[in-house]
Every structure is written in C-alpha cells, then in structure tokens.
Amino acid sequence: MKTLTRKFYERDPVQVAKDLLGKIILRRINHERISGRIVEAEAYVENDIASKALRRRKIFSQLTWQDCGTTFIYMVHGNWLLNIMAHPKGSIGSVLVRAIEPIKGIETMKKNRNVGDQRNLTNGSGKSIKALAITKELNKTDGTRRDAKLAIIEDSASTFDICSSNRIGVTHDLPQELRFFIKANKYVSEP
DNA sequence: AGGAAGATCTACT
DNA sequence: GTAGATCTTCCTA
C-alpha cells in the first residue's frame, strides 16, 4: 500500500476522477485510523470555475495555484465538501469526492454522523465528509504524504465497472457527463 | 451590520 | 417529492 504520487494528479481532472474510484481515503484522528473506498467522484474543470458557486468564493486563484494532490475543502449549505486538486501543470481543475464505502472505523463514523444505519452513513458528499470528521482545518493537506492526517492510497487491484452521469445539485451544469461512480455499489448517492 | 446564496441533508406529507 | 434548516463567505449599505 502506498500513497498516490503527485504525478497521478497532474493530469486531466476527468481522468483523475475516474482513476480515483476504488482508491482508499485514509483519515488519522486521535491515533485512530478511519478509512473508506472512494465510490463516487465528480470532475470540475475550467468552465465550472465560472459557475456561480465557485466564482462567488473567489476560488479561481486557489484552483490555479494550489498544488496537485492537496485537499481543497469548501462549505455549502452547512456541509463541508472535499475536493482534491487535480490538473495538468499550468491548467486548473479539481475532483470532488461524493461518496465512500466505509472500511475501517465504522463505529467512529456512526458516532460522527449520529446514525446507526451503515448504508446511510456515507452515501452522499456532505455525509462522507462528516463521517470522516473532515473540517476546514484539513484544507490544503498534502494527500500524497503518508503521515498526513488525510491521505489517498492505492488499493490492491480490484475490478469494477465505471458508470457516468451528469452531476448532482449543480445549478448550471455542463452538457458533459462529469460524474463517475462504481456500478451497483450501494454507497453511491444515486444509481 | 445585515442579507443573499450556495457542489446539501433531513424530516415530513 | 417538497419545505425548511443549515452555516460560511461574499456583497451592499
């Protein structure tokens, strides 16, 4: 098991979003390790940066200059959302983590979310982030560092089918399908 | 200082 | 399926 390299993120955000499916997200907190598999992700590309939500928060410059592989955390409607910076050098873009499948620390996640139903634990963007106890403090964490509080690591090869669709909740979405998820996984937010 | 808006969630019918 | 809660940031006065 090793962390994904910086190079992994220095590519087209769409490609990175697809490749992130099945990878493990590892959260260290209070000497406990919580982890989950990424089962749903969305790509955000240059045109989106002009979208209302992103422009409103003056995120453009951050998306341009922030290093690939670092986290980018953003609050909307009372929920923290987790992005990972991903774009070729000189370009802009990022990937939003929308849902994970709980692996380790499930009891802690239930406590963080205050729910008992495991399927309802992480099947949504805001839900996953809350279950992992991710807040603004983890903004700009370097996910390629093995000892980071938040790291993305490789998984032993597992095979699955990838589906795509339009994104969810975006008021002005692009005509392209930029949402990707693992087929028939019960933790994706919408089939 | 106050209000509007946003990549959402929950609870209710 | 829809209404209301939610909270942080940005915009205007």
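Chain A is the first sequence line, chain B the second, and so forth, proteins listed ahead of strands; every chain is numbered from 1.
Between dA7(B), dT8(B), dT8(C), one nucleotide has an atom nearer to the side chain of Trp80(A) than all others, and that is dT8(C). Side-chain proximity of Ser125(A) to the nucleotides dC9(B), dG6(B), dT8(C) is greatest for dC9(B). Considering only the side chain of Asn79(A), dC9(B) comes nearest among dC9(B), dT9(C), dG6(B). Minimum atom distance to the side chain of Met75(A) is reached by dC7(C), of the listed dC7(C), dA7(B), dT9(C).
As a whole-Å value, the separation of Ile129(A) CD1 from dC7(C) C1' is 16 Å. Between Glu190(A) atom CD and dT8(B) atom C1' the separation is 12 Å, expressed in whole Å. At whole-Å resolution of the value, CG in Asn139(A) and P in dT8(C) are 14 Å apart. Look at CG on Leu96(A): it is 14 Å from C1' on dG6(B), rounded to the nearest Å. Atom CZ of Arg98(A) is separated from atom C1' of dC9(B) by 12 Å (rounded to the nearest Å). Atoms NE2 (His77(A)) and C1' (dT9(C)) sit 13 Å apart, rounded to a whole Å. What separates CD1 of Ile73(A) from P of dT9(C) is a distance of 13 Å, to the nearest Å. The separation between Glu40(A) atom CD and dA7(B) atom P is 16 Å, rounded to whole Å.
Under the 4.5 Å side-chain heavy-atom criterion for Ile, Leu, Val, Met, Phe, Trp and Tyr, Leu96(A) and Ile84(A) are members of distinct hydrophobic clusters. Under a hydrophobic-cluster definition in which Ile, Leu, Val, Met, Phe, Trp and Tyr are linked whenever side-chain heavy atoms come within less than 4.5 Å, directly or via other members, Ile168(A) and Leu178(A) are assigned to different clusters. In this structure, Val188(A) is not a member of the same hydrophobic cluster as Leu81(A), with clusters built from ILVMFWY side-chain heavy atoms closer than 4.5 Å.
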Reading 5' to 3' and counting Watson-Crick or G-U wobble pairs with both distances under 3.5 Å, write the dot-bracket notation for DNA chain B, | for bases paired outside the strand. ||||||.|||||.
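A cation-pi arrangement is not found for Arg98(A) relative to Phe180(A), the charged atom failing to lie both closer than 6.0 Å to the ring centre and inside a 45° cone about the ring normal. Under a cutoff of 6.0 Å and an axis angle of 45°, Arg11(A) and Phe8(A) form a cation-pi pair. Cation-pi geometry between Arg6(A) and Tyr9(A) is not met: the NZ or CZ atom fails to fall both under 6.0 Å from the ring centre and inside 45° of the normal.
Phosphate proximity of dA5(B) to Thr171(A): absent, as no side-chain N or O sits under 4.0 Å from OP1 or OP2. In this model, the phosphate group of dA7(B) is not approached by any side-chain N or O of Arg179(A) to a distance below 4.0 Å at OP1 or OP2. Remark: Lys127(A) is in phosphate contact with dT10(B), judged by side-chain N or O atoms under 4.0 Å from OP1 or OP2. Lys130(A) has no side-chain polar atom (N or O) that falls below the 4.0 Å cut-off from OP1 or OP2 of dT8(B).
A donor-acceptor pair under 3.5 Å is formed between the side chain of Thr3(A) and the backbone N or O of Thr144(A).
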Would you check, one step at a time, whether the test side-chain contact (heavy atoms from CB on, under 4.5 Å) holds for Arg113(A) with Lys127(A)? CA-CA 7 Å; Arg113(A) 288 264 298 118; Lys127(A) 299 181 195 174; 3.5 Å; yes
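Scanning atom types as modelled, one donor and one acceptor separated by under 3.5 angstrom connect the side chain of Asn83(A) and the base of dA7(B).
No engagement by Arg167(A) is indicated, since no non-hydrogen atom pair under 4.0 Å with the nucleic acid exists. Residue contacts for Arg113(A): at a heavy-atom cut-off of 4.0 Å it reaches the sugar-phosphate backbone alone, with no base atom in range.
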